[in-house]
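Order of the sequence lines sets the chain letters (A, B, ...), proteins ahead of strands, with each chain counted from 1. All values reported here derive from a predicted model rather than from experimental measurement.
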Amino acid sequence: MNPTPSQTVGPFYGYALPIPRGGDLADGGITVHGYVYDGAGDRVPDALLEFWQADPSGSLKGAPGTLRRDQVSGELLGRHGVDFTGFGRVSTDADGHWTLRTLVPGTGYISVCVFARGLLHHLYTRIYLGRDAFLDSLPPERARTLVPVEEREGVHRFDIHLQGENETVFIDFG
Amino acid sequence: MTPPLTQADIDREIAELHRRAPAGGDRQAAQALRDFAPYRSSVLRHPKQPLVAIKDPEAGELTGPVFGVTDVAPFDSDLTRQHLGEPLGERITVQGRVLDRDGRPVRGQLVEIWQANASGRYLHQRDDHPAPLDPNFSGVGRCLTDDEGGYKFTTIKPGAYPWRNHVNAWRPAHIHFSVFGTAFTQRLVTQMYFPNDPLFPYDPVLNSVTDERARQRLICAYDHDLSVPEWTLGYRWDIVLDGPAATWMEEGR
């Protein structure tokens, strides 16, 4: 069947899609954080990032409850913190910054889907905490865009460049 | 100083890009172009390097997030009942199915919508269009698809609104949709438009899809059978997710 085309998330998703503590998948693991940049090197304050990952054992089963809601008020409560849902959603702040607190995935990478005003069709990339054949197949100067820099123990910096000299590797799954 | 960008400038750019676009049936023509300059915000926000293909049957993205009963609340799918009073505007039913590209229903997955109110105003502090907010309308909804992949919302027909892409730029009325498949590769964020909107030819966002038949897939159809007597007018819109999914995910979902 012919697919439904994508359209930009636009500037006004902010009261609909973000989740309270949407980037806090788990306590006691690692922090990954960074900025989103455009082709002029400016930070992007209206990007929405989604994360999907395996748990530390490598299981990709995930769990419901990322958007858990109060059944009385309808208010968004977010995760209860017992199950590892494997899914996160974070809006960049006014300075283009985002933060993810999670566990190291058993598969070695965290999958990222990038949405933004100005981006007509989302983009996929990966945050590599380990290595695999795909990472090794890339030329070194491109592969490094997928590998975060460990700033201090347990805190990893991963910037996303939508365009420009340090443009991030974006992935086509076909 | 550069003269302000007019609708005529944008129309010329759209016509030129449509003329140069690959023919319908091409995979690219069926999707929105990321590099579509008539939508000015896209200029610095699209990659210039080609995307890198992954054809790995073990790729984590062939699975995806799961959702359940805890992720939706009772009034999430009826945007007209989220406040004490009734919202203003034309009450509508929007209903359809979510399918994968093999035509299989996508079951138990999350559909989220957000939209402007009947006057064309979003409940967002950065929306400074001087149209009234409606204290009885937030414009946010969610539901899980049923066993046939079906979804259904009751809401208000959104208004068209101006934006600052160029002088006298107006967005055709639309509802934003966010849809999950069984695989993260099938993720879709898009906009649903209403039939026969006179603003279609002027809109650079809709026209970033260069193939006319693909653009038609973004427009819902009035469906009299979905209209609820003395209550709503009905619109049908089916959604087909692109992207591969792991075949083993079919069972149990």
Side-chain angles (χ1 to χ4, degrees), chain A residues 1-17 38-40 42 44 50 52-54 60-71 74 85-87 105 107 109 111 113 115-124 133-134 138 162-163 167-174, chain B residues 30-34 36 39 41-42 44-49 51-56 59-61 63-68 70-76 82 99 101 103 112 114 122-124 126-127 140 176 178 184-185 187-191 205 208-209 214 217-218 239-244:
Chain A
M1 295 188 82
N2 290 312
T4 305
S6 171
Q7 295 273 269
T8 180
V9 73
F12 298 135
Y13 59 83
Y15 66 96
L17 298 182
D38 71 12
D42 291 330
V44 175
E50 287 185 346
W52 167 240
Q53 66 164 91
L60 285 155
K61 272 183 65 183
T66 303
L67 286 90
R68 201 170 53 102
R69 301 173 69 68
D70 186 298
Q71 300 293 309
T85 70
F87 175 61
T107 54
Y109 59 85
S111 305
C113 187
F115 303 92
R117 178 179 68 82
L119 185 56
L120 284 153
H121 189 173
H122 58 264
L123 289 164
Y124 293 106
F134 175 72
L138 297 168
L162 296 174
Q163 196 185 82
E167 188 178 299
T168 301
V169 167
F170 296 107
I171 301 168
D172 179 11
F173 291 99
Chain B
Q31 275 295 353
L33 289 178
R34 291 188 181 90
F36 196 75
Y39 175 33
S41 303
S42 76
L44 291 169
R45 292 184 172 196
H46 69 273
K48 293 196 168 175
Q49 306 242 24
L51 305 190
V52 183
I54 287 186
K55 301 276 178 207
D56 173 10
E61 293 85 353
T63 64
V66 292
F67 300 95
T70 57
D71 294 316
V72 287
F75 288 169
D76 278 356
Q82 296 172 351
L99 305 169
R101 58 190 186 189
E112 296 163 283
W114 70 102
Y122 286 91
L123 185 59
H124 191 294
R126 297 191 87 94
D127 182 1
V140 180
H176 294 267
S178 158
F184 204 45
T185 57
R187 191 77 179 85
L188 176 68
V189 166
T190 189
Q191 301 177 23
V205 175
S208 68
V209 180
R217 295 199 282 275
L218 291 172
I239 299 166
V240 178
L241 303 181
D242 207 354

What part of [X] gets within 4.5 angstrom of chain A, counting heavy atoms only: side chain, backbone, both, or neither?
X	answer
B:Lys48	both
B:Thr185	both
B:Asp76	side chain
B:Phe67	both

Using a cut-off of under 4.5 Å for heavy-atom pairs, which of [options] has the most such pairs with chain B?
options	answer
A:Pro64, A:Ala116, A:Ala16	A:Pro64
A:Asp70, A:Thr8, A:Asp42	A:Thr8
A:Met1, A:Arg69, A:His122	A:Arg69
A:Pro105, A:Cys113, A:Gly10, A:Gly86	A:Cys113
A:Asp172, A:Thr66, A:Leu162	A:Asp172

**Study point:** Whether B:Phe184 and A:Phe87 hold their rings parallel, tilted or perpendicular, with breakpoints at 30° and 60°
**Key:** perpendicular
Review point. A:Phe12 vs B:Tyr122 aromatic rings, parallel, tilted or perpendicular, using cut-offs 30° and 60°?
Key: tilted
I need the minimum non-hydrogen distance between [X] and [Y], along with the two atoms involved.
X	Y	result
A:Pro5	B:Leu188	O-CD1, 3.9 Å
B:Ala73	A:Gly74	CB-CA, 3.8 Å
B:Pro47	A:Glu167	CB-OE2, 3.2 Å
B:Ser178	A:Leu17	CB-CD2, 4.1 Å

Interface moiety of [X] toward chain B, non-hydrogen atoms closer than 4.5 Å:
X	result
A:Ala54	neither
A:Phe170	both
A:Val169	side chain
A:Glu50	both

Using only atom types and a distance under 3.5 Å, with no angle test, would you say the side chain of [X] pairs donor to acceptor with the backbone of [Y]?
X	Y	value
B:Gln31	A:Ser6	yes
A:Tyr109	B:Gly60	yes
B:Arg217	A:Pro3	yes
B:Asp71	A:Leu67	yes
B:His176	A:Tyr13	no

Point to revise | Which of B:Gln191, B:Lys55, B:Glu61 touches chain A most, by non-hydrogen pairs under 4.5 Å | key: B:Glu61
Study note, to complete from the structure: Given B:Asp56, B:Leu33, B:Val72, the one with more heavy-atom pairs under 4.5 angstrom with chain A than any other is B:Val72
Is [Y] close to [X] at the side-chain level, that is, under 4.5 Å between some pair of heavy atoms?
X	Y	result
A:Phe134	B:Val52	yes
B:Arg187	A:Phe115	yes
B:Asp242	A:Phe173	no
B:Val205	A:Gln7	yes
A:Gln163	B:His46	yes

Point to revise | Atom pair CD (B:Gln49) and OG1 (A:Thr168), whose distance is rounded to the nearest 0.5 Å | key: 10.0 Å
Practice item. Evaluate the side chain to side chain contact (heavy atoms under 4.5 Å, CB included) criterion for residues A:Tyr124 and B:Leu51: first the C-alpha distance (whole Å), next the side-chain angles of each, then the deciding distance (0.1 Å), finally the verdict. Key: CA-CA 9 Å; A:Tyr124 293 106; B:Leu51 305 190; over 6 Å; no
